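No experiment lies behind these values; they were computed from the predicted model shown.
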Amino acid sequence: MNKINNLEKFKGSHSYRKIAIAACFGTFLEWYDFLTFATLAVVFGPLFFPSSDPTTGLLASLATFGVGMVVRPIGAAIFGSMGDRIGRKPVFMITIALMGLATVSVGFLPTYAQVGIWAPILLLSLRLLQGLSAGGEIGGSAVYLTEHAGNTYRGLKTSFLQLMGPLGILFSTLQIALLRNYLSPEEFVAWGWRVPFWISILLLMIAFKARMALEETPVFLELSKSGKKTERPLLSNFRDPQTRKRMFLLFFCISAGGAVLFFCVQVYTVIFLKTSTKLAPAIVDQLSIYATLALFPLTLFAGWLSDKVGRKPVVISGLLLGAIFIQPAFQILEVLSVQYLQSPQTGSSLILIGLVLTCLSLALALVIGPQTALLAELFPAKTRNSAATLPHNLAAGWIGGLLPLIVTWLNQLWGNNLAGLWYPTIFLAAGAIVAFIYLPETRDNSLLD
């Protein structure tokens, strides 16, 4: 039977909408679990890393969060290869179970005051499991969803997956804000911080049940029938010159570019407005929520646009917009913040700040909108899972994870709150140039090849 007919037959008997909801909900849970840890890093410091110097405890807590980012490529290598050998769905089930159980367990951990040195050891061990799981899920889910999407409006249909990270940030942040609002500081430190991890039990049950009903992708089923699976997919990727080249392009231009923009748009803007321009934290949090909400339709638009004009021009546009706009955007934010502090009764400055944040969100959306489809389209079916997940998690974990440290260090070195932003600016410009010269157009690629 013709491969395309097999694919269309499969698509006709299973609802893509149900598949997308189940896949995206699981990825949302992964992000929620992963990012809740970061949100509570300040709380974990004195509870698990007591020290006479509060800064030392906080740094130890942040380092524990960073470990989860560092081991993501290891999880990608392990689970990515498994996805090519035993199937996309089994790995999907393993990663969601691993992340969920590790996160729930954090909510029941004893503190340093109760068990001493075992408390940080247990916390670090669970964080390692979270990082390994995230490495297999984030990237693998993109391949799974894209292989189910078919050939029509693939960019739009898969762009929904990119909303799960911002949605996980929103849900985690709002939940912790509500807990802090309704609990006293003493109650929150005593037990309130555990609630988000306990809630993961319910979310895990829903996600696991939804994923149990999922089917293996039609692409992997076709590989199994034709006997084209490879036993050492990761090794095969590094031996093949074209795959190696595309893994580098995914790492440097697409995944690293998205990670750099994500930091600048969703992380550094908050730090900058709170610390450098001295805007009230409550106002900054509201602006941050607005910027995140604006990212949703912009990401879907970018995915749709990539179906019309191609993935390559959309991604390059996002990289160039980020490279051109980051420095002036933060200078404008600085000026507008001063104007607002001088005349808080007029809201025009805040509206303009919102527009600047929207422009930054557009640059991010143009890169991540087509990203899910690109992760799968760049590589051959038999080694796709391992080829896509490793460079993607390497970029997100090491480039994105280290970017806050590098930017802060450059700011201190040059004594300027904007100096460090030249690093992401140059990185994005280089990524755009490399993508323009070498990145292939993948919109019409067959996923069965």
Side-chain angles (χ1 to χ4, degrees), residues 31-32 35-43 45 54 58 62 65 163 165-185 188-189 192-193 196 260-299 321-322 325-365 400 403-404 407-408 411-412 416-421 424:
W31 276 112
Y32 166 77
L35 294 168
T36 296
F37 194 106
T39 308
L40 292 170
V42 176
V43 178
L58 176 59
L62 290 173
F65 170 75
L163 305 182
L167 197 61
I169 293 175
L170 274 179
F171 190 73
S172 175
T173 303
L174 290 174
Q175 184 182 187
I176 292 171
L178 286 172
L179 286 169
R180 288 186 182 277
N181 185 54
Y182 286 103
L183 299 177
S184 66
F188 186 82
V189 171
W193 65 269
V260 166
L261 284 167
F262 181 84
F263 162 75
C264 291
V265 175
Q266 298 235 279
V267 178
Y268 194 70
T269 50
V270 175
I271 297 173
F272 181 78
L273 291 172
K274 285 182 178 180
T275 60
S276 298
T277 68
K278 308 300 182 183
L279 281 183
I283 293 175
V284 176
D285 289 341
Q286 291 174 10
L287 290 168
S288 177
I289 291 173
Y290 163 78
T292 301
L293 292 174
L295 184 62
F296 291 177
L298 291 174
T299 300
L321 181 61
F325 192 60
I326 283 177
Q327 278 286 345
F330 278 86
Q331 292 174 11
I332 294 171
L333 288 175
E334 196 169 38
V335 172
L336 291 173
S337 298
V338 171
Q339 291 179 356
Y340 173 77
L341 292 173
Q342 292 175 344
S343 303
Q345 65 276 8
T346 59
S348 58
S349 296
L350 288 182
I351 294 174
L352 292 174
I353 290 175
L355 290 175
V356 173
L357 295 178
T358 301
C359 290
L360 287 170
S361 295
L362 175 60
L364 173 60
L403 204 65
V407 170
T408 302
N411 286 344
Q412 293 178 346
N416 187 311
N417 291 325
L418 297 174
L421 290 171

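- Residue Leu360 comes nearest to Ala329 through the heavy atom pair CD2-CB, 4.0 Å, listed as atom of the first residue, atom of the second, then distance.
- Contact check for Leu287 versus Thr269: no side-chain heavy atoms found under the 4.5 Å cut-off.
- The OG1 atom of Thr292 sits 9.5 Å away from the CG atom of Leu357 when rounded to the nearest 0.5 Å.
- Ala294 is linked by a side chain to side chain contact (heavy atoms under 4.5 Å, CB included) to Thr358, counting only residues two or more places apart in sequence or in another chain.
- With sequence neighbours excluded, no residue forms a side chain to side chain donor-acceptor pair (under 3.5 Å) with Ser349.
- In this structure, the side chain to side chain contact (heavy atoms under 4.5 Å, CB included) partners of Gln327, at least two apart in sequence or on a different chain, are Gln331, Leu418, Leu421, Trp422, Thr425.
- Side-chain atoms of Phe325 and Cys359, non-hydrogen and from C-beta on, do get closer than 4.5 Å to each other.
- Side-chain contact between Ile176 and Ser172 is present, with at least one heavy-atom pair separated by less than 4.5 Å.
- We find the CG-CG distance between Leu298 and Leu293 to be 11.0 Å, quoted to the nearest 0.5 Å.
- The structure places SG of Cys264 at 9.5 Å from CG of Leu364, a figure rounded to the nearest 0.5 Å.
- When all heavy atoms of Leu279 and Val284 are compared, the closest pair comes out as CB-CG2, 3.6 Å.
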**Message:** Under the criterion side chain to side chain contact (heavy atoms under 4.5 Å, CB included), I'd like the reasoning laid out for Leu350 against Tyr290: C-alpha separation, chi angles, the key distance, then a yes or no.
**Reply:** CA-CA 11 Å; Leu350 288 182; Tyr290 163 78; over 6 Å; no
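- Put simply, the side chain of Val260 reaches to within 4.5 Å of the side chain of Leu403, judged on heavy atoms.
- The structure places OG1 of Thr277 at 10.0 Å from CG of Leu336, a figure rounded to the nearest 0.5 Å.
- With hydrogens and angles ignored, the 3.5 Å screen pairs a side-chain donor or acceptor of Thr299 with a backbone N or O of Leu295.
- Leu355 is linked by a side chain to side chain contact (heavy atoms under 4.5 Å, CB included) to Leu352, counting only residues two or more places apart in sequence or in another chain.
- In this structure, Pro424 and Ile326 approach most closely via the heavy-atom pair CB-CD1, 4.5 Å.
- Summarising the geometry, atom CD1 belonging to Ile353 is positioned 8.5 Å from atom CD1 belonging to Ile283; distances are rounded to the nearest 0.5 Å.
- With sequence neighbours excluded, the residues forming a side chain to side chain contact (heavy atoms under 4.5 Å, CB included) with Ser343 are Gln345, Thr346, listed by chain and number.
- Once rounded to the nearest 0.5 Å, the distance linking CG of Leu273 with CD of Glu334 reads 10.0 Å.
- Every pair passing ring-ring contact (aromatic ring centres under 6.0 Å, His included) that includes a residue from residues 330-353 is listed here, sequence neighbours excluded: Tyr268-Phe330, Phe272-Phe330.
- Taking the side chain to side chain donor-acceptor pair (under 3.5 Å) definition, one finds that Gln412 meets it with nothing, sequence neighbours left out.
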